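These notes concern the structure reproduced below.
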Protein chains: 2
Amino acid sequence: MSAAISTLDVRQASRFFKALGDETRLRIVALLSHGELCVCHFESALGLSQPNASRQLGVLRSAGIVESRREGSWVYYRLAPQLDGFCKQQLKTLVSAFGRREVLKQDVERLLAARGPDSCR
Amino acid sequence: MSAAISTLDVRQASRFFKALGDETRLRIVALLSHGELCVCHFESALGLSQPNASRQLGVLRSAGIVESRREGSWVYYRLAPQLDGFCKQQLKTLVSAFGRREVLKQDVERLLAARGPDSCR
DNA sequence: GCAGGACATTCGAATATTGTTATGTCGTGA
DNA sequence: TCACGACATAACAATATTCGAATGTCCTGC
């Protein structure tokens, strides 16, 4: 049902697309579609340097795609609820598509191999 | 129904998003969601210089979002059918969202005010 | 063939984005 | 309070993107 899409803020939509127009950030969103993760998870699962992981997450946060919370030493990231109905629908489609992909599944497996999804180390 | 989304080529998806991560190009897609148009239409409706209109259309074409055909002196652009099921779904959502927006409606009205949707001049 | 219109491409300067190295901040545990 | 780990930010060079001006290509009408 597309009735939820009642508005479209062009500026917000372009920011949304721009943030997702990068393979690394798409892979981050793919991992997050399986649940909450902290920065070190992205480093190991995607082979990113620590500053790079942090910055890509910052880009996604600026675009309103992810949000974070601190828990002790760690900062956990999760997909942010979308205020804009259009972005909400797009992100939903994206997340559902991420349930089936091979390459991205390798990322998830690399993540699970390194450590359980809850504990950091 | 999202059953059509059986694959997700991450590289193609990021190219797709990257091309749409720009306000001008989103407005172009908005106009195209109402039908086929030639370059001069974008110039007048969106206030773009000729080289800029051409270039933005080129970006969208490289990403496989639009395709073009020549008719006499004019080159007509239209939305391209999406091969990738994921991009197809995303573009569909985008087009359906463009049916309701105010700002973008101004673009369309500016387009129609300048000239009929079929004749160039 | 020639002139002119419609569009594409090239070039160059300004600006933005990228990844790495170095450094800063914050919370934890001793 | 001090050292350390997790993360963020700054600083930098390399690269990419942006737009306008100039130029090139293709088609049409004469």
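Note that this is a predicted model, so its numbers are computed, not measured. Computed from heavy atoms alone, side chains included, the values below leave out hydrogens, waters and symmetry copies. Quick note on labels: first sequence line is chain A, next is B, and so on, each numbered from 1.
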Inset, instruction - Pick base, sugar-phosphate or nothing for B:Phe42, based on heavy-atom distances below 4.0 Å to the nucleic acid. - result: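 Touches nothing.
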Inset, instruction - Answer with base, sugar-phosphate or nothing: what part of the nucleic acid does B:Ser54 contact at a heavy-atom distance below 4.0 Å? - result: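 Answer is base: heavy atoms of B:Ser54 come under 4.0 Å of a base.
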Inset, instruction - Output yes when at least one side-chain N/O atom of B:Tyr76 is less than 4.0 Å from OP1 or OP2 of C:dA6, else no. - result: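 Answer is no, no contact under 4.0 Å.
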Quiz: residues 50-59 of chain B side-chain donor-acceptor pairs under 3.5 angstrom, not counting sequence neighbours:
| residue | atom | partner | partner atom | Å |
| --- | --- | --- | --- | --- |
| B:Asn52 | OD1 | B:Gln56 | NE2 | 3.2 |
| B:Gln56 | OE1 | B:Arg25 | NH1 | 2.8 |

Nucleotides 15-17 of chain C: which of its N/O atoms have a protein N/O under 3.5 Å away?
| residue | atom | partner | partner atom | Å |
| --- | --- | --- | --- | --- |
| C:dT17 | OP1 | A:Lys18 | NZ | 3.0 |

Legend entry - salt bridge (charged side-chain N to carboxylate O under 4.0 Å, His left out) pairs, two or more places apart, involving residues 73-83 of chain A: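 Listed once each, the pairs are A:Glu36-A:Arg78, A:Glu67-A:Arg78.
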Got a list of protein N/O to nucleotides 22-30 of chain D N/O distances below 3.5 Å?
none

Legend entry - Those residues that, when tested against B:Glu71, pass side chain to side chain donor-acceptor pair (under 3.5 Å) (two or more places apart):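 Expected list: B:Arg69.
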Inset, instruction - Using the closest heavy atom to pick a nucleotide of DNA chain D for each, name whichever of A:Arg61 or B:Gly21 lands nearer the 5' end. - result: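 By nearest-heavy-atom nucleotide position, the 5'-most residue is A:Arg61.
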Inset, instruction - Measure the distance from NE2 on B:His41 to C1' on C:dA6 and round it to the nearest whole Å. - result: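 From B:His41 NE2 to C:dA6 C1': 12 Å.
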Legend entry - Sidechain-backbone polar pair: B:Gln90 side chain, B:Phe16 backbone, donor-acceptor under 3.5 Å: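 Checking the backbone N and O of B:Phe16 against the side chain of B:Gln90, no donor-acceptor pair under 3.5 Å is found.
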Inset, instruction - Could you please name the option among C:dC7, D:dC7, D:dG20 that lies closest to any side-chain atom of B:Val75? - result: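 Out of C:dC7, D:dC7, D:dG20, the nucleotide with an atom closest to B:Val75's side chain is C:dC7.
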Inset, instruction - Ignoring hydrogens and angles, state whether a donor on the side chain of A:Ser44 or A:Arg110 is under 3.5 Å from an acceptor on the partner side chain. - result: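 Judged by distance alone, the side chains do not pair up.
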Inset, instruction - List in chain and number order the residues that pass salt bridge (charged side-chain N to carboxylate O under 4.0 Å, His left out) with B:Arg70, two or more places apart in sequence or in another chain; answer none if no residue qualifies. - result: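 With neighbours one apart ignored, the set is empty.
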